[in-house]
Amino acid sequence: MHRFLRSVGFAALKKRRDEDWLLRKIEKEFSASTSFKGADGEEQVALDLFLDKGMGIVLRGSWRKDGSFRPEFYYPYLTGGKASTMVPCQVERHSAHSEFSGFLEDMKLGFMLIFFVQNGIQYEKACGQAEVAVQSGGVNLSALSVNGKVLIPIHKDADQLEVARTLAAAKEALLEAAKQGDEDAMETLTIGEYQEAAIVAERLEEEDVYSIVDTTFMPCGVESDHYSVLGNIKAVRSVKNPWTDEDVYVMSLECNDMEFDVAINALDLEGEPEPGRRFKGDIWLQGKLEIPRQASGAASGG
């Protein structure tokens, strides 16, 4: 059973026979499909079952000669409302399945961000037709979560917000310079980290950590595309899974100057999400690649 099925409203599915039932339903009632012939001549297929706007389940596999479907793997997904970053990213294929991971280094975070590529079959199709690796024109990030809680916000006045934006811009510039080999920038960043750590350690003696830290985005666990986040809730909508009647919250988060949507089952969220509050939880980060029209056009022409 896929761990994140419950994120899109399938918490009631607990046994292997429930999973088999779901996959059979997708084969028969899928909402859309994408296919292409791989280098080995076998037709690869992605069956997409829509549950709500931008939310669903994809089943990957291929058609057998007798017309039956041979499933390979599946995954639930949420597609974000807008592009999170226009930073170019690197895409690599997993060895076991026709899955892809995206890698992007956004200066807002200061580390390499890894995410699961949602539209892997479209990317693979575009690369096959172009006979080269296609460069993504941006990434639409989103996430699924199976545990989280709502926290009250940290109040900041206009002057504090302006100072925070100025410091963030300065740090981003230093990170870019350090990436280019600027030793002075590296030293400044190192000193800054020590100073920040000292200030936080001193404040922690009398304050709670969540009254000090506004937002965070950190790797979590052994899987490279899993993160622990603390972000400001900008918008919320409630979605009801049409098959199970389970309620799912879709929240737009701002975290470390990045914006992305996250879906979580109402059963797994502690507290009431509202704009202005904060969300803390563990997520599986996904991303939809913005494939250039020229590449996607070449692919559809095949």
Side-chain angles (χ1 to χ4, degrees), residues 1-8 44 46 54-60 72-80 83-124 126-127 133-148 171-172 175-176 178-179 189 193 213 215-231 251 253-265 268 279-291:
M1 187 75 69
H2 199 293
R3 180 187 175 196
F4 288 90
L5 263 183
R6 63 185 301 115
S7 303
V8 295
Q44 299 294 314
M55 188 173 76
I57 303 173
V58 168
L59 174 61
R60 285 289 306 267
E72 185 178 0
F73 66 95
Y74 73 97
Y75 57 90
Y77 71 86
L78 173 73
T79 301
S84 302
T85 176
M86 298 304 293
V87 175
C89 72
Q90 177 184 354
V91 180
E92 292 187 6
R93 180 172 178 163
H94 294 193
S95 58
H97 299 294
S98 298
E99 298 175 274
F100 293 85
S101 287
F103 303 79
L104 62 87
E105 190 170 3
D106 197 314
M107 291 299 103
K108 297 174 183 176
L109 297 175
F111 60 84
M112 182 72 73
L113 196 65
I114 304 174
F115 60 90
F116 173 81
V117 175
Q118 295 175 338
N119 55 335
I121 192 167
Q122 287 89 348
Y123 174 79
E124 193 172 10
C127 292
V134 173
Q135 184 69 47
S136 169
V139 182
N140 189 329
L141 293 175
S142 56
L144 300 178
S145 178
V146 292
N147 65 80
K171 186 173 183 179
E172 186 174 343
L175 286 168
E176 181 61 37
K179 183 181 177 182
L189 284 169
E193 292 292 338
V213 179
T215 65
T216 60
F217 202 114
M218 299 176 59
C220 173
V222 297
E223 297 186 67
S224 57
D225 50 12
H226 287 200
Y227 297 88
S228 179
V229 301
L230 173 62
M251 297 173 286
L253 298 185
E254 180 274 319
C255 186
N256 287 41
D257 293 325
M258 291 185 62
E259 293 189 15
F260 60 94
D261 292 346
V262 58
I264 184 171
N265 196 306
D268 298 324
F279 169 79
K280 176 184 179 294
D282 297 335
I283 63 168
W284 175 32
L285 189 65
Q286 304 181 341
K288 182 177 180 180
L289 302 177
E290 295 291 339
I291 300 174

- Message: Quick check: do Phe217 and Leu113 have side-chain heavy atoms less than 4.5 Å from each other?
- Response: yes

- Query: Would you say Leu144 and Phe116 make side-chain contact, with heavy atoms under 4.5 Å?
  - Reply: no

- Message: Classify the ring geometry of Phe4 against His226: parallel below 30°, tilted from 30° to 60°, perpendicular beyond 60°.
- Response: perpendicular

- Task: Indicate yes or no: at least one non-hydrogen side-chain atom of Gln286 is less than 4.5 angstrom from one of Phe115.
- Result: no

- Taking C-beta and beyond as the side chain, do Leu5 and Ile57 meet within less than 4.5 Å on heavy atoms? yes

- Query: Do Ile264 and Met251 touch side chain to side chain, with heavy atoms closer than 4.5 Å?
  - Reply: yes

- Side-chain (Asn140) to main-chain (Lys288) donor-acceptor, under 3.5 angstrom: no

- Query: Could you give the distance from CD (Glu259) to CG (Leu253), rounded to the nearest 0.5 Å?
  - Reply: 9.5 Å

- Residue list, side chain to side chain donor-acceptor pair (under 3.5 Å) with Tyr74, at least two apart or on another chain: Glu19

- Over 60° means perpendicular and under 30° means parallel, so classify the ring planes of Phe73 and Tyr75, tilted if in between. parallel

- Message: Within the 4.5 Å heavy-atom criterion, are Phe260 and Leu78 side-chain neighbours or not?
- Response: no

- Please check if atom CE in Met218 has more than 12 non-hydrogen atoms from other residues, nucleotides or ligands closer than 6.0 Å. no

- Would you mind reporting whether Pro219 and Tyr227 have side-chain heavy atoms less than 4.5 Å apart? yes

- Item | Val117 versus Ser101, closest heavy-atom pair with distance | CG2-C, 3.8 Å

- Partner of Ile283 by side-chain contact (heavy atoms from CB on, under 4.5 Å), out of Ser7, Ser142, Ser145: Ser145

- salt_bridge(Arg60, Glu99) N-O dist < 4.0 Å: no

